[in-house]
Asker: 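Pasting a structure here, questions to come.
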Protein chains: 2
Amino acid sequence: MELSQRKEKILAAVVEHYIKTGEPVGSKTLLSALDITVSSATIRNEMAELAALGYLEQPHTSAGRIPTNEGYRYYVDNLMGVRPLDESVKRRIEAGISLKNASPEAILAKASEFLADMTDCAAVSTTPSGENATIKRIEFVPVGTRTGMIVLLTSTGVIKSKVCRSDVDLNSSMIEKFYNIVKSSFLGLPLDDIDTATLQTLVASMGADALTMIPFVSAVSELAQEAMRTMVMLGGQSNILRYREDYGTTAYELMDFLRRGEPISQLLANSKEDFDVKIGGENKFKQLENSSVIMAHYNIDGDNRGSIGIIGPTRIDYASLIPSVRYLTDLVGELLTQTLNED
Amino acid sequence: MELSQRKEKILAAVVEHYIKTGEPVGSKTLLSALDITVSSATIRNEMAELAALGYLEQPHTSAGRIPTNEGYRYYVDNLMGVRPLDESVKRRIEAGISLKNASPEAILAKASEFLADMTDCAAVSTTPSGENATIKRIEFVPVGTRTGMIVLLTSTGVIKSKVCRSDVDLNSSMIEKFYNIVKSSFLGLPLDDIDTATLQTLVASMGADALTMIPFVSAVSELAQEAMRTMVMLGGQSNILRYREDYGTTAYELMDFLRRGEPISQLLANSKEDFDVKIGGENKFKQLENSSVIMAHYNIDGDNRGSIGIIGPTRIDYASLIPSVRYLTDLVGELLTQTLNED
DNA sequence: GTTAGCACTCACGCTAAAAGAGTGCTAACG
DNA sequence: CGTTAGCACTCTTTTAGCGTGAGTGCTAAC
């Protein structure tokens, strides 16, 4: 649907004014905000048409207009000025997420926290997907007479460790056997190839050693599962209270939604574009029907590996937050790539 | 201050009714809730005296009474029936926190989450203090030509690991040197002995090797710091919205308070008793002035090592939640002790 | 197509009145 | 003297009424 230039100007002004104030905006207010030499009546006519087209709505008959989700969508797609990010903001973001010698998890946790503070929204991020990751290294460290620690390192730089317990006293031949199994069956293996089926054939092939090795082998498998699971890092839940009225009764549902990692990682993984904006009910989660999500995906070594996003009310400041989220996400990608390739 | 038996009955009834409904309770309501054969006028007289003593107050002249913080305090200390926990509740708690083969962190995170769900409050827990912990084991695992992973295990079962980078290519003699340093200077050392002063003397004593060893040694020190830092596990922030009206304007402050770990760990560490209840402003944090905290401390091998607590409105259901928190905390202590001693 | 003008709608704020809940006090009672 | 019935009193809450103002939609003229 194409709009006349004047309609676009008006729509943009309504959206921007409503984002700023949270109040319905009327024709006279627009008149002064707009550098257009028409009367308020004309604006009223235009607004009536915009309402008929579904871009604006009235809370009640004698109030100003507020944007519908479609209105926001049109604004984001066509009207929003994509001004480049201010240098000072860039600097601030760079400073905000710089962490030396940190694990991917720590970097992303920091990014969520920082993004939340910067945007006054709730922020989420997912750790790099383990989809294409392989097992880079497995180490066994004896700890007690029957316990040892298994450490697993993936090609994506994720470290997972676990204490595991043997049914019999440890001895050096067992450990040697374990390393043999590791070398022959685990090293270099994609994480998602380690399912129960593979494990069973592996255990079967071990013959007499199977009994003593099972705890170790299954520990490795658990670690692989853990390393593969994308974690969701959360920040700024308290910011939901900041826009409480905008969320209405869904505020609680929203908070509750945030604490469950699974749906969030679905939400973030759902879009394949470089970045994505979901306005109100555009995403399938009814807990988010009064919220908008701005998300971007970061790349590691050129591969799309995870996402960072913010969740705010539908009247979120798209124009200035979208570039920030994108910039920060790109930066995180670079940071992770760099951390990973520092051999 | 001793109260007559009848006053105590009335106070208890007011507290319990207000906890249940959140509405000020009047003399007639009490009459039916109480199995006392007196008139409402008598109750009014008693309530007036209780108000004069500071245990009750009126939101306004013609409303019923609500408990003051002192009222809650008297109730918790003297009136609250300490009925033993229901078997089914015990069962539920046991099921809720059972995790096999889990790290202390995971157990405590799960405990917070579960406790929050069970009590409809925000729940917090702290990981075992590293105060008396020593370094049990340090392992170096080469990963790349110049990077290696250092793994540290403490006597309290905490595992911390970190990838660290050398300035020169790794070789076996360096690794051997590192293990020598570890053996002579780190193993068995209390975590809190590892400060910058010790490190400097250590580095100084290394002579020519100092330059190449510094990254590793300082990585160990960072890991020790990390292992010593008590972490705060959070659960159920969304439950704050559940009692929003009770928190009043402090709801946001409360949420914001929760996300900072430091003050919470102070709050929890502050009490030396086995368990503790802080009502309203009894704790020093003004963000909690409309909240009550129920906390208990868990022991590992008989030592007080950490805490678990819930934070709710002052009209929290003390009688039924206190035993739950205590039971769960004891259980977590047992679980951690057991996990730790399973050599 | 634009604009001035005007009637109309509806939320909002204010006031007044009525309802309701609950108290405190007084006087009588056992 | 503690207890109780009765009642006046206080203060919140609810309801209704009414003007005000913001903002619209429509019509007729430009």
Side-chain angles (χ1 to χ4, degrees), chain A residues 2-11 13-18 20-68 71 245-246 248 315, chain B residues 2-11 13-18 20-68 71 245-246 248 315:
Chain A
E2 278 288 311
L3 294 182
S4 75
Q5 205 174 352
R6 195 170 64 186
K7 278 203 181 59
E8 291 197 335
K9 257 186 164 170
I10 291 174
L11 179 54
V14 171
V15 169
E16 276 159 17
H17 197 274
Y18 183 66
K20 208 183 302 174
T21 67
E23 310 260 296
V25 22
S27 51
K28 290 208 191 101
T29 317
L30 277 186
L31 201 54
S32 57
L34 232 43
D35 56 344
I36 280 189
T37 57
V38 292
S39 74
S40 65
T42 308
I43 296 188
R44 277 202 293 283
N45 288 333
E46 296 283 56
M47 289 209 293
E49 286 181 50
L50 282 169
L53 291 169
Y55 294 121
L56 296 179
E57 65 180 348
Q58 295 176 279
H60 48 86
T61 330
S62 72
R65 299 303 211 296
I66 63 176
T68 62
E245 316 81 56
D246 292 308
R315 53 172 276 254
Chain B
E2 277 290 310
L3 294 182
S4 76
Q5 203 172 354
R6 195 170 63 186
K7 278 202 182 59
E8 290 197 334
K9 256 187 164 170
I10 290 174
L11 178 54
V14 171
V15 170
E16 277 159 17
H17 197 275
Y18 184 66
K20 208 181 303 173
T21 67
E23 309 260 298
V25 21
S27 51
K28 290 209 190 99
T29 317
L30 276 186
L31 201 54
S32 57
L34 233 43
D35 55 343
I36 279 189
T37 56
V38 291
S39 74
S40 66
T42 308
I43 296 187
R44 277 204 292 283
N45 288 335
E46 296 283 56
M47 288 209 293
E49 286 182 51
L50 283 168
L53 292 169
Y55 294 122
L56 295 179
E57 65 180 348
Q58 294 176 281
H60 49 258
T61 331
S62 73
R65 299 304 210 297
I66 64 176
T68 62
E245 316 81 55
D246 292 309
R315 53 171 276 254

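What you are looking at is a predicted structure, and each value in this text was computed from that prediction instead of being measured. To find a chain, count down the sequence lines: A is the first, B the second, and so on, and within it residues start at 1.
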Asker: What is the distance, rounded to the nearest whole Å, between atom CD1 of I66(A) and atom P of dG23(D)?
Answerer: 14 Å
Asker: How many Å lie between CG on L56(B) and P on dT23(C), as a whole number?
Answerer: 11 Å
Asker: In whole angstrom, give the distance that lies between atom NE2 of H17(B) and atom P of dG22(C).
Answerer: 10 Å
Asker: For dT2(C), take OP1 and OP2 only and decide whether either is under 4.0 Å from a side-chain N or O of T42(A).
Answerer: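 So the side chain of T42(A) is outside the cut-off, no N or O lying under 4.0 Å from OP1 or OP2 of dT2(C).
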Asker: Side chain of S27(B), backbone of R44(B): donor and acceptor closer than 3.5 Å?
Answerer: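 Such a contact is absent between S27(B) side chain and R44(B) backbone.
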Asker: Is the shortest side-chain heavy-atom distance between R65(A) and L50(A) below 4.5 Å?
Answerer: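 They are not in contact (no side-chain heavy atoms under 4.5 Å apart), so the answer is no.
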Asker: Roughly how far apart are E49(A) CD and L3(A) CG, rounded to 0.5 Å?
Answerer: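 That separation rounds to 10.0 Å.
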Asker: Indicate yes or no: does E46(B) engage R6(B) in a salt bridge with an N to O separation below 4.0 Å.
Answerer: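 Yes, charged N to carboxylate O under 4.0 Å.
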Asker: Just how far, in rounded Å, is P of dG22(C) from CG of L50(B)?
Answerer: 18 Å
Asker: Give a yes or no answer on whether the side chain of T68(A) reaches the backbone of E57(A) with a donor-acceptor pair at less than 3.5 Å.
Answerer: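 Checked: no pair found.
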Asker: So, taking the atom named CG in L11(B) and the one named CG in L30(B), what distance separates them when rounded to the nearest 0.5 Å?
Answerer: 10.0 Å
Asker: CG of L34(A) to CD1 of I43(A): how many Å apart, nearest 0.5 Å?
Answerer: 5.5 Å
Asker: With distance as the sole test, does T21(A) use its side chain to make a donor-acceptor pair with the main-chain N or O of H17(A) at under 3.5 Å?
Answerer: yes
Asker: Determine the stems involving DNA chain D; a stem requires 3 or more consecutive pairs of the Watson-Crick or G-U wobble kind, each with both distances below 3.5 Å, and the answer is none if no such run exists.
Answerer: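 Stem list for DNA chain D: C:1-30 with D:1-30.
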Asker: Could you pull out the closest heavy-atom pair between T61(B) and Q58(B), with the gap in Å?
Answerer: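 For T61(B) and Q58(B), the tightest heavy-atom pair comes out as O-NE2, 2.8 Å.
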Asker: With the sugar-phosphate defined as primed atoms, P, OP1 and OP2, and the base as all remaining atoms, what B/S/- string results for nucleotides 5-11 of chain D, 5' to 3', for protein heavy atoms under 4.0 Å?
Answerer: BB---BB
Asker: Using a cut-off of strictly less than 4.0 Å, decide whether Q58(A) has a side-chain nitrogen or oxygen near OP1 or OP2 of dC10(C).
Answerer: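 No, Q58(A) has no side-chain N/O under 4.0 Å of OP1/OP2 on dC10(C).
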Asker: Could you check how far CZ of R65(A) sits from C1' of dA11(C), rounded to whole Å?
Answerer: 16 Å
Asker: Any idea which of dT3(D), dG24(C), dT4(D) is nearest the R6(B) side chain?
Answerer: dT3(D)
Asker: Taking only heavy atoms on the protein side, list every residue of residues 20-32 of chain B lying under 4.0 Å from any atom of DNA chain D, sorted numerically.
Answerer: none
Asker: Under 4.0 Å between any heavy atoms, over every strand shown, what does T37(B) touch: base, sugar-phosphate, or nothing? Just pick one.
Answerer: sugar-phosphate
Asker: Which heavy atom in Y18(A) sits nearest to a heavy atom in R315(A), and how many Å separate them?
Answerer: O-NE, 3.3 Å
Asker: What's the CD1-P distance between I10(A) and dT24(D), to the nearest Å?
Answerer: 11 Å
Asker: Between CD1 of I10(A) and CG of L56(A), what distance do you get to the nearest 0.5 Å?
Answerer: 9.0 Å
Asker: Rounded to the Å, how far apart are E46(B) CD and dT3(D) C1'?
Answerer: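 These atoms are roughly 11 Å apart.
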Asker: Could you give the CD1-to-P distance, from I43(A) to dG23(D), as a whole number of Å?
Answerer: 12 Å
Asker: What's the separation between atom CG in L31(B) and atom OG in S39(B), rounded to the nearest 0.5 Å?
Answerer: 7.5 Å
